[in-house]
**Student:** 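Have a look at this one before I ask anything.
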Amino acid sequence: MTFWHTLKHSFGNLLPIVLVVGIFQLLIIREVPDNLGTMLVGLGIVVFGVAIFLQGLDLGIFPVGKGLSNAFARRGSLPLLMAFGFSLGFAAVVAEPALIAVAEQAQLISAGRIDALTLRLLVAFSVGAVVALGVLRTLLGHPLHWYMISGYLLVVSVTFFAPEEIVGLAYDSGGVTTNIVTVPLIAALGVGLAASIKGRNPLAHGFGLVALAVMVPMIAVQLYGIVVYTLLPAPLETAEVARNLAQDPSSRTAGRQALIMLVDLLSMLRDVLPIILVIVFFQYAVIRKPIPYVRRVVLGFAMVILGLYAFVIGLKLGLFPVGRSMAEQLIGLDTLLWVYLFAFAIGFATTMAEPALIAIGAQAEEAAHGKLDARHIRLLVALGVAIGISIGVHRIIVGDSIHFYIMGGYALVIALTFIAPRFIVPLAYDLGGVTTSEVTVPLVTALGIGLATHIEGRSILIDGFGLIAFASIFPIITVMLYAIVMEWIRPDTGETT
């Protein structure tokens, strides 16, 4: 993939957001937001940062990671496969840009009570453990739906006891773990493993690792919240003071600003270092073969680090201010109808342009032998995301507890899992985990935080998070309903096994 093609891909992810925001600004709000120039610069930095990041993945991480996955699948050693699955899941999630963005916002809003690095390490450990479990499931040939039903029953049970400050963040943390770093590596491991084992179907047994990686962090983060908000004392500094300090860069000298930028760059190196260590260790200590095209791989890792750095800078300058500004402007209009319409439009437009969804839809259509249509999948998933974000926005506006919405949504998912055709279940759960791109997640997060900030009586930490969770639940529902209807209309096609 050339850099120009990658740049167009990155711009294509951002374009629906720009169009929706532009239409609402020109035709409905009819105001120019403050610091428009800075926002545009930030959005441009996001585009270039994501492009550099993706190019680095193609050059360095993906080829080596997929090669290792295929090598371990051919070996067939269960301990090695599970150890590699754990290491791959952990390393990829630690460097996930969307998780970095959400974790930093959570630390900022909670005034340090929720530690960003601790949250990321906890989520990464959860994903690593569940990828290892998913490898075992594929080897044993167990159906995914029993794992998912049991897991989400546990998720809902923990939600009863979790403090309200952590619930939305926990579900969002699960929703953002599967993105531009994690999905290709984990999906390659699952599909490659299923294809290499006799009697396994890539559609039924290869999909599902992504879905498991979404579910388990929800449990772990809620348990973390129980500890933080029940056993540990609250910090002295308030969230309001923390936000004011973070949003007042004018007090920083040029030298201090340069030092902060250097520290941020070094933190990006720290984020990618686990992936480097995992790949080097398994390549040289276990496979015992040199890394092919090592110079290209080194260049790829360097681009990943620089791309992550630019992405985070662009978030702070562009996407977060855009989300907060749109929330403030829309709340100030005469009717809240425009808030719902904006949420629906953002969810639908960005999901339709999501490259991962396009690719998975095409693969699913081919694997399902005519039982699924890729265009229908994209429309239904985009509709599910749009409905989910709209319902999440409604929850913030009316001030309802997220507990009942989330538990009701997953209760419906569990019920549909029992009656949906078996072949669709792994795909449906995976589609719920890949619907929000690296560009969409920060904007949706900022939108939720902005609404909670400007609606009287709302808590930023309790009400501001959760929109990503809604965007992950409802595509599962729409895809399963589609498969159930198609099975009812065309019962003679038989179930894919």
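By convention here, the first residue in the shown sequence is residue 1. Note that these values count all heavy atoms, side chains included, but never hydrogens, waters or copies made by symmetry. Since this is a predicted model, take the numbers as computed values, not measurements.
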**Student:** According to side chain to side chain donor-acceptor pair (under 3.5 Å), who are the partners of Glu165, at least two apart in sequence or on a separate chain?
**Tutor:** none
**Student:** Is any side-chain heavy atom of Ile29 closer than 4.5 Å to one of Trp338?
**Tutor:** no
**Student:** Kindly write out the residues that satisfy side-chain contact (heavy atoms from CB on, under 4.5 Å) with Val227, not counting sequence neighbours, or none if the list is empty.
**Tutor:** Leu231
**Student:** Hey, are the side chains of Ile424 and Tyr482 touching, using non-hydrogen atoms and a 4.5 Å cut-off?
**Tutor:** no
**Student:** If you compare all heavy atoms of Ile166 against all heavy atoms of Val221, which two are closest, and at what distance to 0.1 Å?
**Tutor:** CG1-O, 3.6 Å
**Student:** What residues form a side-chain contact (heavy atoms from CB on, under 4.5 Å) with Leu317, not counting sequence neighbours?
**Tutor:** Thr38, Ile45, Ile313
**Student:** Suppose we screen for ring pair (Phe, Tyr, Trp, His ring centres under 6.0 Å). Which residues come up paired with Phe342, at least two apart in sequence or across chains?
**Tutor:** Phe24
**Student:** Which residues pass the side chain to side chain donor-acceptor pair (under 3.5 Å) test with Thr159, sequence neighbours left out?
**Tutor:** Tyr171, Gln222
**Student:** Could you walk me through whether Leu431 and Ile476 pass the side chain to side chain contact (heavy atoms under 4.5 Å, CB included) check?
**Tutor:** CA-CA 7 Å; Leu431 287 171; Ile476 303 174; over 6 Å; no
**Student:** Is the closest side-chain heavy-atom distance between Met326 and Gln25 below 4.5 Å?
**Tutor:** yes
**Student:** Holding to side-chain contact (heavy atoms from CB on, under 4.5 Å), I want the full list of residues that pass it with Ile419, two or more places apart in sequence or in another chain.
**Tutor:** Leu416, Ile484
**Student:** Closest heavy-atom contact between Ser325 and Met39?
**Tutor:** CB-CE, 3.9 Å
**Student:** Give me the atom names and distance for the closest heavy-atom approach of Gly466 to Asp172.
**Tutor:** N-OD2, 2.7 Å
**Student:** Which residues satisfy the ring pair (Phe, Tyr, Trp, His ring centres under 6.0 Å) test with Phe86, sequence neighbours excluded?
**Tutor:** Phe125
**Student:** To the nearest 0.5 Å, tell me how far Phe465 CZ sits from Ile460 CD1.
**Tutor:** 9.5 Å
**Student:** Which residue pairs satisfy the ring pair (Phe, Tyr, Trp, His ring centres under 6.0 Å) criterion with at least one member in residues 91-117, sequence neighbours excluded?
**Tutor:** none
**Student:** Does a side-chain heavy-atom distance below 4.5 Å link Leu380 with Phe474?
**Tutor:** no
**Student:** Within a strict 4.5 Å, meaning less than it, do heavy atoms of the Tyr429 and Tyr152 side chains meet?
**Tutor:** yes
**Student:** To check you understand the geometry: which heavy-atom pair defines the closest contact between Ala452 and Arg458, and what is its length?
**Tutor:** O-CB, 3.4 Å
**Student:** Looking only at non-hydrogen atoms, find the nearest pair between Ser110 and Leu461 and report the distance.
**Tutor:** CB-CD2, 4.0 Å
**Student:** Quick check for you: to the nearest 0.5 Å, what is the distance between Leu169 atom CG and Leu119 atom CG?
**Tutor:** 5.5 Å
**Student:** Excluding sequence neighbours, so at least two apart, what forms side chain to side chain donor-acceptor pair (under 3.5 Å) with His403?
**Tutor:** Ser401
**Student:** To the closest 0.5 Å, what do you measure between CD1 (Ile397) and CG (Leu336)?
**Tutor:** 5.0 Å
**Student:** Please determine which of Val123, Leu122, Val93 meets the side-chain contact (heavy atoms from CB on, under 4.5 Å) test together with Ser173.
**Tutor:** Val123
**Student:** List in chain and number order the residues that pass ring pair (Phe, Tyr, Trp, His ring centres under 6.0 Å) with Tyr229, two or more places apart in sequence or in another chain; answer none if no residue qualifies.
**Tutor:** none
**Student:** Given side chains that start at C-beta, do those of Phe348 and Val385 come closer than 4.5 Å, heavy atoms only?
**Tutor:** no
**Student:** Closest approach of Arg120 and Ala103, non-hydrogen atoms and distance?
**Tutor:** CG-CB, 3.8 Å
**Student:** With sequence neighbours left out, write down each residue that passes side chain to side chain donor-acceptor pair (under 3.5 Å) with Tyr340, or none if nothing qualifies.
**Tutor:** His394
**Student:** Less than 4.5 Å apart, any side-chain heavy atom of Thr230 and any of Phe161?
**Tutor:** no
**Student:** Do Ile149 and Phe418 come within less than 4.5 Å of each other through their side chains, counting heavy atoms only?
**Tutor:** yes
**Student:** Output every pair passing salt bridge (Lys or Arg N to Asp or Glu O under 4.0 Å) with a member in residues 388-407, not counting sequence neighbours, ordered by first then second residue.
**Tutor:** Arg395-Asp463
